[in-house]
Number of protein chains: 2
Amino acid sequence: MTRKRFDDLDCSVACALDQVGDWWSLLVVKEAMLGTRRFVDFQQRLGIAKNILCNRLNRLVDSGVMSKVDAGEHGTRYEYRLTDKGRDLFTVITALRQWSERWNGNRDDLRLVDRVSGHPIRQLHVEGDDGQPLTVRDVRFEETKVGR
Amino acid sequence: MTRKRFDDLDCSVACALDQVGDWWSLLVVKEAMLGTRRFVDFQQRLGIAKNILCNRLNRLVDSGVMSKVDAGEHGTRYEYRLTDKGRDLFTVITALRQWSERWNGNRDDLRLVDRVSGHPIRQLHVEGDDGQPLTVRDVRFEETKVGR
DNA sequence: CCAAAATGGTTGCATGATGAAACCGTCCTG
DNA sequence: CAGGACGGTTTCATCATGCAACCATTTTGG
């Protein structure tokens with residue numbers, strides 16, 4: 001059986017997971033944010049199998065998260081770069097990173113700092129219209145179409 | 001071969017993905033945030049196979065994202081509830097939802113609003129020390145241990 | 001200029017994960 | 001008391017993954 005598709009769930013979260021919700025995709029994107037662009041570099045830094053990496057890069061290109069551009073002068077060297085859509089995943093990856101650091105401890109050897117000030121970045125918070133932080137208990141899920 | 005584990009990658013993002021990075025886990029958490037607590041309800045609302053749901057719920061309980069509490073008076077009825085760690089994934093799920101709405105269009109029939117004011121919530125932004133919004137190009141990844 | 005290595009893959013195989021359906025013991029309900 | 005709800009477990013066919021080997025082209029070192 002093929003993996004169940006999430007497109008039909010009428011849920012933006014499911015739709016997002018359909019594009020970047022597998023074990024490797026977000027790590028590839030995160031690695032790209034660190035500056036990695038070449039196939040071999042992704043492979044070595046992540047320790048991912050070549051066929052899987054190939055599959056993931058193709059899927060990320062297909063869904064518009066990354067683009068494949070010629071790097072060599074004559075043809076078979078390429079670079080994989082983030083598109084705007086891919087770079088916009090920065091928020092998602094930062095949210096994941098901060099959550100993991102809060103609950104699993106800091107297993108990372110990297111620290112994100114503002115490039116100009118050198119200060120660490122703020123914790124992400126869901127905020128209301130007035131800027132007040134909101135937890136999941138503070139929000140309501142309004143139905144806009146038909147009831148469940 | 002067993003799935004490659006991400007624990008050894010010395011990366012908080014990888015560590016997070018190890019806990020909630022598969023196709024179903026985040027959807028189960030999102031469904032729990034909508035108020036779902038019973039096994040059958042998760043199964044029907046998500047359309048997930050029972051054995052997979054069972055496996056995911058157990059893993060989420062093991063990693064401290066959800067808890068399993070007796071609901072029936074005499075024993076074999078249970079409720080699965082989010083822990084504080086699980087509720088804290090609200091930021092991650094909101095980031096994913098907003099990203100998907102920005103780039104894939106709004107496929108959702110839900111709208112998140114502040115429970116008290118009724119206003120929609122703000123877009124999440126990574127911010128610097130001073131509150132200025134930062135893109136991935138505005139940050140630096142400082143190494144705190146040994147070089148790569 | 002030639003040999004060797006790098007690059008970006010593809011293929012085959014063994015094993016693990018997934019989805020669908022059937023089955024099962026306990027509990028509640030009419 | 002019978003039937004259904006609940007929360008699973010088991011079986012099986014198929015798909016995904018990890019690993020290693022292989023390959024055509026391109027670049028690089030001597």
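Chain naming here is simple, since letters A, B, ... match the order of the sequence lines and numbering starts at 1 in each.
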Main-chain N/O of Cys54(A) paired with Asn58(A) side-chain donor or acceptor, under 3.5 Å:
yes
Does dC15(D) have OP1 or OP2 under 4.0 Å away from a side-chain N or O of Trp23(B)?
no
Pairing residues for Glu127(B) by the side chain to side chain contact (heavy atoms under 4.5 Å, CB included) criterion, not counting sequence neighbours
Arg122(A), His125(B)
Quick one: list whatever passes side chain to side chain donor-acceptor pair (under 3.5 Å) with Ser12(B), sequence neighbours left out.
none
Sequence neighbours excluded, which residues qualify as side chain to side chain contact (heavy atoms under 4.5 Å, CB included) partners of Val113(A)?
Arg111(A), Arg140(B), Glu142(B)
Ala32(A): what forms a side chain to side chain contact (heavy atoms under 4.5 Å, CB included) with it, not counting sequence neighbours?
Phe42(A), Met66(A), Leu82(A)
Close N/O contacts between protein and nucleotides 10-12 of chain D (under 3.5 Å):
none

Qualifying salt bridge (charged side-chain N to carboxylate O under 4.0 Å, His left out) pairs with a residue from residues 83-92 of chain B, counting only residues at least two apart or across chains
Arg102(A)-Asp88(B), Asp84(B)-Arg87(B)
Whole-Å distance, Asp41(A) CG to dG9(C) P, equals 14 Å
Inter- and intrachain pairs under salt bridge (charged side-chain N to carboxylate O under 4.0 Å, His left out), touching residues 47-69 of chain A, at least two apart
Asp22(A)-Arg56(A), Asp22(A)-Arg59(A)
Between CD of Gln43(A) and P of dT10(C) the distance, given in whole Å, is 13 Å
Between Glu79(B) and Ala49(A), which residue's closest nucleotide on DNA chain D lies nearer the 5′ terminus?
Glu79(B)
Dump every N/O contact between nucleotides 2-6 of chain D and the protein below 3.5 Å, one line per pair.
unit_1 : atom_1 : unit_2   : atom_2 : d
dA5(D) : N3     : Arg77(B) : NH2    : 3.2

Contacts of type side chain to side chain contact (heavy atoms under 4.5 Å, CB included), residue Asp138(B), not counting sequence neighbours
Leu134(B), Thr135(B)
Asp22(B) CG to dT18(C) P: how many Å, rounded?
6 Å
When you compare the side chains of Gln132(A) and Asp114(B), does any donor N or O come within less than 3.5 Å of an acceptor on the partner?
no
Could you list the residues that satisfy side chain to side chain donor-acceptor pair (under 3.5 Å) with Glu79(A), not counting sequence neighbours?
Arg81(A)
In this structure, how many angstroms lie between the P atom of dG19(C) and the CZ atom of Phe42(B), rounded?
17 Å
Roughly how many Å is it from CH2 in Trp24(B) to C1' in dC15(D), rounded to a whole number?
15 Å
Separation of atom NZ in Lys50(A) from atom P in dA20(D), rounded to whole Å
12 Å
Any residue of residues 53-62 of chain B with a heavy atom less than 4.0 Å from an atom of DNA chain D:
Cys54(B)
Using the test salt bridge (charged side-chain N to carboxylate O under 4.0 Å, His left out), find all partners of Arg115(A) that sit at least two apart in sequence or belong to another chain.
none
Nearest-Å distance for atom pair CD1/P, residues Ile48(A) and dG18(D)
7 Å
